[in-house]
There are 2 protein chains.
Amino acid sequence: MGLFLSTAVNKIDRKGRVSIPSHFRAALSGQSFQGVVLFPSHHYACLEGFGWDYIEEISQRLDTMDFFSNEQDDLATTIFGESVQLSFDNEGRILLPQGLREHAALDGDAVFVGLGRKFQVWEPAAFEQRKAESRQGIKSKALTLPKGGVV
Amino acid sequence: MGLFLSTAVNKIDRKGRVSIPSHFRAALSGQSFQGVVLFPSHHYACLEGFGWDYIEEISQRLDTMDFFSNEQDDLATTIFGESVQLSFDNEGRILLPQGLREHAALDGDAVFVGLGRKFQVWEPAAFEQRKAESRQGIKSKALTLPKGGVV
DNA sequence: TGGGTATATATGGGATATCATGGTTTTATA
DNA sequence: TATAAAACCATGATATCCCATATATACCCA
């Protein structure tokens, strides 16, 4: 397995904890780090999430760049500097840092959307809007999957 | 594990001590030397930091460069000449040498930014500027990760 | 098939441990 | 002996652990 699928909505409790949907946790069960990495999306008011292996992959790609190059620094500052490593508690929850909650305007409920190798976390109303937009986008541009490609 | 992620701001006390964020210490927990290596960045008014293992890797990479090139001299001078090895106290703090504090204009608060294999230490206002700059840099140059997608 | 039981998941709350921070005392050093 | 550095101790805030419970899901057996 290892792919994030489907959508689920969970509650954020007064301490700022949320359960990661169990099927998302199942997708991560094989990994060394039991938790997720979250990152504020630059396109939308939502969070992007993935497993530890994905971060390591990014790190390896960055390592192929020059040591103290500006390009490497720019990418690393935005990608690594803004992502947070959050481990599961015994109940499969994470504690959402304040900054991330604000970025996605999360309060009360959180929508988890599976997108294959990554997932997103949305405030419910914002997600409804996004969903409508994306349907519209698919219609107007007649988007299809690239041949044999990944989303 | 072993990657530096996310951003945290800690206080420098009147003796010049700062806590290294606990998740950074966790990333270094497997290493023989319990502490960090810091040196003044030549690109920015900040400090660059990493664990002991990374110093060795840098040394190896320098060996692959032209022997008496200016570039190698610069790097070698910076990295080996200006680096300071600072060990944790029982509370996970280091004592910042005066010269380094001045280079990064550190006073009061210090921002720790994870960049994967290394991290940086910034004066808060200076980092805000740097953050904007790096986002801009990515956009304008349409930077993507080598051989692969953007996050 | 129906109904009931067991199991897993999501959620809440109190107790406990960790972290960042400040200060005091002891040790090393010049 | 003067000074800086290291070790030690204290504390509030916050994160983590642990237990309880409700609800939903899977499972079993008549």
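Residue numbering restarts at 1 for every chain, and letters A, B, ... go by the order of the sequence lines.
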- Just how large is the angle between the end axes of the helix from C:dT1-D:dA30 to C:dA30-D:dT1, five pairs per end, to 10 degrees? 50°

- Members besides A:L5 in its Ile/Leu/Val/Met/Phe/Trp/Tyr cluster (side-chain heavy atoms under 4.5 Å): none

- Item | Residue pair A:L106, A:I12: steps toward the side chain to side chain contact (heavy atoms under 4.5 Å, CB included) verdict | CA-CA 8 Å; A:L106 289 170; A:I12 303 172; 3.8 Å; yes

- State whether the side chain of A:Q34 and the backbone N or O of A:L28 hold a donor-acceptor pair below 3.5 Å, judged by distance alone. yes

- Could I get the full list of side-chain hydrogen bond (donor to acceptor under 3.5 Å, both in side chains) partners for A:R17, not counting sequence neighbours? A:D13

- Item | Residues forming a side chain to side chain contact (heavy atoms under 4.5 Å, CB included) with A:A76, sequence neighbours excluded | A:L62, A:F80, B:L115

- Figure out the CZ/P separation between B:F88 and C:dT18, and round it to whole Å. 17 Å

- Determine, for B:F50 and B:R117, whether the Lys NZ or Arg CZ falls below 6.0 Å from the six-membered ring centre while staying within 45 degrees of the axis. no

- Return the set of residues passing side chain to side chain contact (heavy atoms under 4.5 Å, CB included) with A:A45 (not counting sequence neighbours), or none when no residue passes. none

- How many Å lie between CG on A:D109 and C1' on C:dT11, as a whole number? 12 Å

- Task: Could you check which residues of residues 6-18 of chain B get a heavy atom under 4.0 Å from DNA chain D? Sort them by number, please.
- Result: B:K15, B:R17

- Task: Please report, rounded to the nearest Å, how far the C1' atom of C:dT18 is from the NE2 atom of B:H23.
- Result: 15 Å

Within the sub-3.5 Å range, which N or O atoms of nucleotides 26-30 of chain C have a protein N or O partner, and how far apart are they?
none

- Testing D:dC17, C:dC19, D:dA7 for proximity to the side chain of A:D89, the answer is D:dC17

- Base, sugar-phosphate, or nothing for B:S22, non-hydrogen atoms under 4.0 angstrom? sugar-phosphate

- Task: Report the residues that fulfil side chain to side chain contact (heavy atoms under 4.5 Å, CB included) with B:Q136, sequence neighbours left out, ordered by chain and then residue number.
- Result: none

- Query: Just how far, in rounded Å, is C1' of D:dA15 from CD of A:Q85?
  - Reply: 15 Å

- Assign A:L86 to base, sugar-phosphate, or nothing according to its heavy-atom contacts below 4.0 angstrom with the strands shown. nothing

- Item | ring pair (Phe, Tyr, Trp, His ring centres under 6.0 Å), paired with A:F33, selected from A:Y54, A:F88, A:W52 | A:W52

- Is any side-chain N of the basic residue among A:E56 and A:R61 closer than 4.0 Å to the acidic one's carboxylate O? no

- Sugar-phosphate only, base, or nothing, as touched by A:I94 at under 4.0 Å among non-hydrogen atoms: nothing

- Looking at B:H43, B:K118, B:R130, which hits side chain to side chain donor-acceptor pair (under 3.5 Å) with A:D73? B:K118

- Query: Of all the choices, D:dC17, D:dC8, C:dA10, which nucleotide is nearest to the side chain of A:N90 once you look at every atom?
  - Reply: D:dC17

- Task: Return the set of residues passing salt bridge (Lys or Arg N to Asp or Glu O under 4.0 Å) with B:E102 (not counting sequence neighbours), or none when no residue passes.
- Result: none

- Item | B:A125: side chain to side chain contact (heavy atoms under 4.5 Å, CB included) partners, not counting sequence neighbours | B:E123

- Message: Within the 4.0 Å limit for protein heavy atoms, which parts of nucleotides 9-14 of chain D are touched? Write it as a string from 5' to 3', B for base, S for sugar-phosphate only, - for none.
- Response: B-----

- Message: Can you list everything that forms a ring-ring contact (aromatic ring centres under 6.0 Å, His included) with A:H42? Sequence neighbours excluded, please.
- Response: A:F39

